[in-house]
Protein chains: 2
Amino acid sequence: MKLDEAKERFIQSWGALGSNWGINRTMAQIHALLLVAPEPLSSEEVMAMLSISRGNANMNLRALIDWGLVRKEHKSGERREYFVAEKDIWRVAMQVIVERRKREIAPVLQMLAEVRDVEGKDENPEVQSFIASVENLDTIVGQADAFLDLLVKADQNWFANTLLKLFKKEKVNS
Amino acid sequence: MKLDEAKERFIQSWGALGSNWGINRTMAQIHALLLVAPEPLSSEEVMAMLSISRGNANMNLRALIDWGLVRKEHKSGERREYFVAEKDIWRVAMQVIVERRKREIAPVLQMLAEVRDVEGKDENPEVQSFIASVENLDTIVGQADAFLDLLVKADQNWFANTLLKLFKKEKVNS
DNA sequence: AGTGAAATTCAGAACTAATTGAAAGTTCTA
DNA sequence: TAGAACTTTCAATTAGTTCTGAATTTCACT
């Protein structure tokens with residue numbers, strides 16, 4: 001496969017993946033494009049390479065900056081702004097986790113805490129079963145949240161090592 | 001808060017959450033509804049409670065069954081089918097992970113393997129840097145995949161215990 | 001094998017999200 | 001402070017997704 005073809009394929013797949021995860025396709029494509037670009041790109045270049053409009057490029061570049069996945073770079077003596085993606089994929093992944101945790105897990109935990117405190121837990125068995133479901137959910141979501149918190153504070157080696165150890169244990173146990 | 005109100009809030013939030021994660025709102029709402037329903041519900045009941053059409057209810061119920069989150073239940077002597085959600089949330093979470101892993105991680109690993117074998121790795125430095133990015137990504141995605149595989153094989157207690165241990169270590173280390 | 005109750009399908013309608021592009025805004029240089 | 005170079009905004013449009021409901025099929029019972 002030729003380099004350009006490989007890049008194209010990578011960008012397309014990354015875009016498709018993004019759109020399954022609530023990230024819009026263009027945003028994921030721009031991210032992919034910047035990831036494999038050897039140099040910072042200007043918005044003109046992004047527009048041209050993905051055949052998208054100025055407005056679209058601008059909007060999605062800003063969203064990427066918002067997520068902490070891309071940053072602006074100024075070349076001295078140039079009016080034009082350039083964009084670079086964070087190239088360390090581990091950091092990219094952690095950044096995505098941090099953001100989604102903040103935007104999504106936190107509100108869910110909040111909601112669960114609220115609905116949990118429903119009236120009539122002392123007499124009504126239906127209420128009791130509802131509370132049981134909610135508490136169950138709260139435990140799991142809480143555990144996942146704690147785990148992600150641990151993960152984002154850790155580094156990649158720690159993760160890889162832990163994983164390795166866990167694998168070994170699995171083998172022993174089975 | 002009254003029980004009905006709490007259920008309503010739960011269903012709405014669950015629906016909103018789903019739509020951020022590539023699961024359509026109605027599907028997530030039906031799931032939420034069944035999760036907190038004390039009894040199996042018929043599609044008529046689902047339709048009525050969420051004010052959705054027959055077709056929509058049918059389609060999404062089937063999608064839920066497909067994901068392994070809901071199952072049909074027959075009451076003897078009844079033509080009508082009833083639906084129950086898997087109530088063990090841990091299992092629900094694992095089921096979702098299994099599905100998404102199958103549908104999404106596998107194709108990404110495939111794509112990465114393909115684009116990795118781009119021409120010119122011996123002379124062109126741009127090709128080399130592209131390959132480096134892709135390999136980097138492949139490592140992380142592969143690790144995540146392995147981790148999820150481990151996770152789905154384990155049970156909730158194992159996860160909670162491991163997590164607990166990791167927390168303790170963190171404290172000692174810091 | 002006929003009946004009616006329930007499940008399924010699917011073409012088009014309704015809704016939602018993404019995109020465009022032109023206009024307005026900003027910032028730099030002279 | 002004029003105007004060129006670039007960025008940002010946003011109303012209108014286009015594309016994509018979900019939902020509806022009538023038509024069709026399946027099924028259980030007689």
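Quick note on labels: first sequence line is chain A, next is B, and so on, each numbered from 1.
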> Between Phe147(B) and Phe147(A), does the ring centroid distance fall short of 6.0 Å?
Replying inline: yes
> Rounded to the Å, how far apart are Lys75(B) NZ and dA28(D) C1'?
Replying inline: 18 Å
Under-3.5 Å N/O pairs linking protein and nucleotides 7-9 of chain D:
| from | atom 1 | to | atom 2 | distance (Å) |
| --- | --- | --- | --- | --- |
| dT7(D) | OP1 | Glu81(A) | N | 3.1 |
| dT7(D) | OP2 | Ser43(A) | OG | 3.3 |
| dT8(D) | OP1 | Lys72(A) | NZ | 3.3 |
| dT8(D) | OP2 | Asn58(A) | ND2 | 2.4 |
| dT9(D) | OP2 | Arg62(A) | NH2 | 2.7 |

> Is Glu126(B) paired with Lys7(A) through a side-chain N to carboxylate O contact shorter than 4.0 Å?
Replying inline: yes
> Between Arg54(A) and Glu44(A), does at least one N-O distance fall below 4.0 Å, as a salt bridge requires?
Replying inline: yes
> Tell me: CG of Asn24(B) to P of dA14(C), nearest whole Å?
Replying inline: 19 Å
> Expressed in angstrom and rounded to an integer, what is the separation of Met27(A) atom CE from dT19(C) atom C1'?
Replying inline: 16 Å
>> Distance check needed: dC10(C) C1' versus Asn60(B) CG, whole Å only.
In response: 15 Å
> With a 3.5 Å cut-off and no angle check, do the side chains of Gln12(A) and Gln29(A) form a donor-acceptor pair?
Replying inline: yes
>> Does the Lys NZ or Arg CZ of Arg100(A) fall within the cation-pi geometry relative to Trp21(B) - under 6.0 Å from the ring centre and within 45° of the axis?
In response: yes
> Atom CZ of Arg25(A) to atom P of dT19(C): distance rounded to whole Å?
Replying inline: 6 Å
>> What is the distance, to the nearest angstrom, from the NE2 atom on His74(B) to the C1' atom on dA7(C)?
In response: 11 Å
> So does Asp149(B) pair up with Lys153(B), basic N to acidic O under 4.0 Å?
Replying inline: yes
> Once you round it to whole Å, what is the distance between P of dT18(D) and CD1 of Ile23(B)?
Replying inline: 11 Å
>> Once you apply a heavy-atom cut-off of 4.0 Å, does Ser42(A) come out as touching a base, just sugar-phosphate, or nothing?
In response: nothing
> Given that Ala57(A) and Gly77(A) both sit by DNA chain C, which one's nearest nucleotide is further toward the 5' end?
Replying inline: Ala57(A)
>> Heavy atoms only, 4.0 Å cut-off, all strands: where does Ser51(B) land among base, sugar-phosphate and nothing?
In response: sugar-phosphate
> Sequence neighbours excluded, which residues qualify as side chain to side chain donor-acceptor pair (under 3.5 Å) partners of Glu81(B)?
Replying inline: Lys72(B)
> Asn20(B) CG to dA17(C) P: how many Å, rounded?
Replying inline: 10 Å
